[in-house]
Amino acid sequence: MSDRSRASAALARDPDPGPDVVATALADALLGAEWTVRGLVAAATDAIDGPSRFWRPLARGLVRALPRAPHDDPRTLVALVRDHPVFAEAVAEASARGRPLRVAHHVPVTQEARSADPRLLRLGTVADVSRLLGLTVGELDWFADPGRWHRRVEGGPLQHHRYEWRTRPGRTPRLLEVPGFRLRDLQRVVLDEVLAAVPLHDAAHGFVPGRSAISGARRHVAREVVIALDLTSFFARVTAGRVFGALRREGLPDAVAHVLTGLCTTSVPPGVLSRMPPGGSPERRFALRQALAVAHLAQGAPTSPALANVAVRRLDSRLDGYARAAGATYTRYADDLAFSGDGALAARADAFVRGVGRIVGDEGHDLNPAKTRVRGAATRQVVTGVVVNQGTNTVRSEYDRLRAVLHNAADTGLEAQNRAGHPDFAAQLWGRIGWVEQLNPERGARLRAAFARVPR
């Protein structure tokens with residue numbers, strides 16, 4: 001008999017394993033079931049010896065809270081089951097009857113069973129990756145750089161990235177890590193053919209098909225308090241190790257996850273780091289240099305936003321569970337975190353932010369205190385540039401600036417107002433007008449009418 005079989009048999013013999021053990025066994029059973037109310041009820045009934053009438057309301061609550069099974073973070077499911085009022089009621093009733101809940105059937109779900117996605121199983125070997133990208137294995141090694149050769153030089157054929165420092169007044173500089181044309185094309189294939197198959201947490205709204213800054217902001221409309229937080233050096237803090245672990249959790253073999261990680265991460269050569277321009281506190285500058293020196297997601301690679309979403313699913317799950325426990329709503333757009341809630345959250349906003357900071361730090365990231373905003377209903381509440389007090393709306397100053405440009409362009413023409421030198425200023429204005437129209441159709445209509453008066 002295997003160790004797992006002996007452990008399961010021991011659980012079945014235990015007359016009172018305790019709520020935590022039962023919740024863990026129940027969560028394992030649910031993760032192995034079809035994620036529907038019917039499937040979860042059947043799995044719970046088979047796994048737990050106790051009053052089965054509680055499993056349907058528990059299943060309904062779980063399906064509402066989690067639209068898909070949290071294979072990437074089973075501990076979140078254990079916590080939801082253990083803390084659910086229906087589960088507590090089932091434990092209490094079973095104990096009152098003198099027959100505590102027992103584990104009747106326990107099959108621990110392996111990591112591979114939790115994470116394997118059939119859409120990714122075609123990438124079983126490095127040769128499969130080579131065929132997907134149209135490369136030989138040798139060419140794939142050249143770009144994935146398993147020996148980390150190009151990470152030690154600043155230029156030449158061994159370097160696949162171009163580095164550009166961008167200064168920001170009063171803030172720590174930002175480094176753009178732009179992949180070469182050939183590597184960028186390969187990363188786009190990985191983005192479309194591999195990463196598109198990976199499910200994301202529902203709290204993620206940035207760089208997710210069908211979601212946007214607006215869809216995330218809408219979840220915070222008309223709340224008593226809105227808390228906006230920012231993650232420091234977001235991409236730089238998603239290390240190659242975290243990317244590799246995230247790909248392995250999707251069921252990809254070690255070798256495949258390793259080569260994909262190499263294609264999509266980089267570390268900055270020492271010479272580039274030594275040329276960091278002025279700006280920011282010594283502590284922030286030191287932390288940024290440390291993060292950039294380690295292999296991480298490049299700020300400039302097309303795969304970085306999607307891989308960051310995958311790599312921080314555990315962070316999303318933990319923050320979502322923390323928010324739900326406080327009666328709050330949580331969304332994330334790239335490095336922007338947003339929480340909202342009622343008066344209870346407003347009364348303990350400072351303590352709530354400290355709790356978020358602890359979770360964020362535990363997951364390898366850091367909050368930027370300079371960008372922490374706690375806004376009550378009597379002040380302007382903004383989430384990812386969208387005003388959410390009564391409905392989604394534009395920030396008034398941005399709308400006024402755009403209206404002024406269109407008004408002036410009616411007299412001077414478009415190019416006279418193109419002070420930033422946009423190559424297609426008309427298209428850029430249309431995009432800004434479309435953004436306003438999504439948030440406030442009336443304002444959008446006024447801007448369209450103003451644009452129609454501009455001579456072309």
Side-chain angles (χ1 to χ4, degrees), residues 168-172 174 201 203-207 211-237 279-281 283-284 287-288 305 308-309 312 315-316 318-363 365-401 435-436 438-440:
R168 301 183 292 175
R171 299 169 60 191
T172 307
R174 173 177 291 161
H201 195 280
H205 286 261
F207 312 101
R211 306 179 205 171
S212 65
I214 298 175
S215 67
R218 282 177 178 148
R219 299 194 58 191
H220 303 285
V221 168
R223 306 303 296 271
E224 184 68 24
V225 65
V226 171
I227 301 172
L229 306 172
D230 180 80
L231 298 177
T232 300
S233 304
F234 180 51
F235 290 141
R237 289 178 178 269
S281 68
E283 295 79 13
R284 292 286 178 189
L288 179 59
N309 281 337
V312 300
L315 172 62
D316 284 336
R318 292 186 65 183
L319 290 179
D320 187 52
Y322 181 66
R324 288 175 185 272
T329 298
Y330 162 67
T331 62
R332 180 181 58 80
Y333 188 91
D335 56 354
D336 292 324
L337 314 181
F339 303 86
S340 62
D342 57 16
L345 179 65
R348 59 183 299 269
D350 290 344
F352 182 84
V353 171
R354 288 194 296 271
V356 171
R358 286 191 292 270
I359 294 172
V360 166
D362 190 42
E363 293 296 324
H365 289 271
D366 190 23
L367 291 180
N368 185 350
K371 289 191 174 182
T372 297
R373 300 286 185 270
V374 180
R375 295 290 183 262
T379 61
R380 188 178 69 181
Q381 299 169 326
V382 179
V383 174
T384 57
V386 179
V387 179
V388 295
N389 288 72
Q390 298 301 322
T392 56
N393 209 339
T394 54
V395 176
R396 182 58 191 247
S397 59
E398 295 178 2
Y399 168 72
D400 288 343
R401 281 196 296 270
W435 166 259
V436 173
Q438 290 184 70
L439 298 172
N440 188 319

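One is the number of the first residue; the rest follow in order along the sequence.
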For [X] and [Y], which heavy atoms make the closest approach, and how far apart are they?
X	Y	value
Ala328	Leu345	CB-CD2, 3.8 Å
Ser215	His205	OG-ND1, 2.7 Å
Ala213	Tyr333	N-CE1, 3.4 Å
Val374	Ala349	CG1-CB, 3.8 Å
Ala217	Thr384	CB-OG1, 4.4 Å
Asp342	Arg223	N-NH2, 4.3 Å

Is there side-chain contact between [X] and [Y], with at least one heavy-atom pair below 4.5 Å?
X	Y	result
Asp230	Asp336	yes
Asp362	Arg318	yes
Asn393	Val386	no
Arg332	Val312	yes
Val360	Leu337	yes
Trp435	Ile214	yes
Gln381	His220	no

Sort and list the pairs that fulfil ring pair (Phe, Tyr, Trp, His ring centres under 6.0 Å) and have at least one residue in residues 377-399, not counting sequence neighbours.
none

With sequence neighbours left out, which residue pairs that include part of residues 336-355 fulfil the ring pair (Phe, Tyr, Trp, His ring centres under 6.0 Å) condition?
Tyr322-Phe352, Tyr330-Phe339, Phe339-Phe352

Where the side chain of [X] meets the backbone of [Y], is there a donor-acceptor pair that is under 3.5 Å apart?
X	Y	answer
Arg380	Ala377	no
Arg211	Ala204	yes
Asn389	Thr379	yes

Which distance, rounded to the nearest 0.5 Å, do you find between the CD1 of Ile359 and the CG of Asp316?
11.5 Å

Test: Arg284 and Asp366 ion pair at under 4.0 Å:
yes

Identify whether the distance between the nearest side-chain nitrogen and carboxylate oxygen of Arg324 and Asp320 falls below 4.0 Å.
yes

Working note: Leu231 + Leu367, criterion side chain to side chain contact (heavy atoms under 4.5 Å, CB included); need CA distance, chi angles, decisive distance, verdict.
CA-CA 5 Å; Leu231 298 177; Leu367 291 180; 3.9 Å; yes

